[in-house]
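Inspection log for the structure reproduced underneath, given as structure tokens.
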Amino acid sequence: MDGREAKPGYKARFAAASDPAGLELLIEVSDPVHHPEPEGITPVKVPYWAGDSVEFAIDCVGKGLPNDLTEFIASGCGDRLMKTRAAAVGGDLPDRYTATRGEPLRYARWKLERREGVTVYKIHIDASELYPFTFRMDQPLPLRFSLQVNNNDGAGRTGYLAWADGIFGPKDPVKYGTLYACGSGRTVAGMEVLRRSFLKAKVETFSDGVKVRSLLQSVNGEIPDGGSGVGTTAVAVTPGLRYRVEFEARGRGVLEMFAAGKGVPRTRLQKGNMPLSGDWRRFEGEVIIPPGGQDMQLNLFTWKQPESEFEVRRFKIIEAK
């Protein structure tokens, strides 16, 4: 986590998990001086951010609109976990929902532990308290999230640590970070799906790879728009998960890698050029499946390169952890 005027040695780390039951957070703060009470506020009725505390927020809809954010604070005193802002729910107020700001969350569990200069926050918030955000196992969509750890050594808040932004200062969910669902790490497809000729190409298949030769030709000395490559058959995917594509290739030309499919818009996977040579080189890319995504096809090809040819082996599509 990044620091904002945080003292040397002051650091924090966290783990987060979301499922249909709610949101789990484990936050560990290395802080030799634990001072949770805000200065100049007597008596302390609510856990203000001026004392040692943690604040965290979610964008319940994921579109970056202020009306869709819900923000929480957990007191370093260990006495209160509450909402400081709540997303607009219209007239659709759910059961098991704490609507009043400043009131302790009724449908949550949390515990604060302090030992040997380390403060640990263990927090569970029931799914109903996160409304209108919902988590579905069949569509584990990314969660837009931000976390801030406030530090007070006895003279007010002297600094803080943050993962992402949008809590300190103007409340801005556009600055939140993104937490992605963890996949299993399994390989969902291999060389067996990489068999389809893509655009103007001749594809030869072997037990351990494919060979592609461009059939694109110049017309009156001009190279027309067109590509030559190989593609996969449709591979079933899960919305919200990340998929990593990896393979080895060699040949002549510069490769491009795109994915598209039912509910998956055309997406370029590689971050830069993929130049080929006579030696085998390893390449990889990643795609995040949006809401409604059902399947995708992966295409490897050269563009406007009539003399290109290449081989591919050890092709895999992996559900990223």
Side-chain angles (χ1 to χ4, degrees), residues 1 4 6 10 12-18 21-60 69-89 93-115 117-133 143 145-164 166-169 171 173 176:
M1 297 175 66
R4 305 292 194 278
Y10 182 68
R13 60 180 181 171
F14 79 99
S18 181
L23 177 67
E24 299 273 353
L25 287 174
L26 177 64
I27 306 159
E28 184 181 273
V29 186
S30 296
D31 181 14
V33 181
H34 185 58
H35 194 90
E37 294 82 9
E39 291 298 304
I41 302 174
T42 305
V44 177
K45 296 183 179 179
V46 294
Y48 291 96
W49 50 261
D52 281 348
S53 57
V54 295
E55 298 176 82
F56 53 97
I58 63 173
D59 181 347
C60 297
L69 75 88
T70 295
E71 190 172 286
F72 304 86
I73 188 168
S75 163
C77 297
D79 65 344
R80 188 167 299 202
L81 169 66
M82 69 178 188
K83 290 176 185 171
T84 54
R85 294 176 68 96
V89 297
L93 195 63
D95 292 333
R96 298 177 57 81
Y97 181 84
T98 307
T100 305
R101 297 180 185 179
E103 179 183 346
L105 285 185
R106 296 194 297 273
Y107 307 104
R109 303 183 305 276
W110 80 294
K111 181 179 181 181
L112 184 143
E113 298 176 354
R114 177 74 184 166
R115 56 178 183 269
V118 176
T119 307
V120 179
Y121 299 81
K122 299 178 179 179
I123 300 170
H124 168 87
I125 300 177
D126 286 4
S128 58
E129 293 280 18
L130 305 173
Y131 189 82
F133 173 78
L143 173 63
F145 177 82
S146 186
L147 171 67
Q148 180 171 303
V149 181
N150 299 310
N151 181 44
N152 183 334
D153 288 343
R157 184 169 69 177
T158 57
Y160 66 90
L161 298 171
W163 186 87
I167 293 178
F168 182 79
K171 305 299 183 181
Y176 291 2

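Using a 30° and 60° split on the angle between ring planes, Tyr131 and Tyr97 fall in the perpendicular class, above 60°.
Here the closest non-hydrogen pair linking Ala88 and Pro132 is O-CG, 4.3 Å. Scanning all heavy atoms of the two residues, the minimum distance from Leu112 to Ser75 falls at CD1-O, 3.6 Å. Closest approach of Ser128 to Tyr107, counting heavy atoms only: OG-CB, 4.4 Å. Minimum heavy-atom separation, Ile58 to Tyr176: C-CE2, 3.7 Å. Phe14 and Ile27 make their closest contact through CB-CG1, 4.0 Å (heavy atoms, listed as atom of the first residue, atom of the second, distance). The two residues Ala12 and Leu161 come nearest to each other via the heavy atoms N-CD1, 3.4 Å.
A distance of 6.5 Å separates CG of Asp126 from CZ of Arg109, quoted to the nearest 0.5 Å. In this structure, Ile167 CD1 and Phe72 CZ are separated by 11.0 Å, a value rounded to the nearest 0.5 Å. To the nearest 0.5 Å, atoms CG (Leu25) and OG (Ser18) are separated by 9.5 Å. Here the straight-line distance linking atom CD of Glu24 with atom NZ of Lys122 works out to 11.0 Å at 0.5 Å rounding. We find the CD-CD distance between Glu71 and Gln148 to be 8.0 Å, quoted to the nearest 0.5 Å. Taking OH from Tyr10 and OG from Ser30, the interatomic distance works out to 9.5 Å, rounded to the nearest 0.5 Å.
When each of Thr98, Thr70, Leu105 is checked for a side-chain contact (heavy atoms from CB on, under 4.5 Å) with Ile125, only Leu105 meets the rule.
Arg114 pairs by the salt bridge (Lys or Arg N to Asp or Glu O under 4.0 Å) definition with nothing, not counting sequence neighbours. For Asp31, the salt bridge (Lys or Arg N to Asp or Glu O under 4.0 Å) test picks out Lys7, with sequence neighbours left out.
Side-chain contact between Val149 and Tyr160 is absent, with no heavy atoms from C-beta onward closer than 4.5 Å. No side-chain heavy atom of Asp52 sits less than 4.5 Å from a side-chain heavy atom of Val29.
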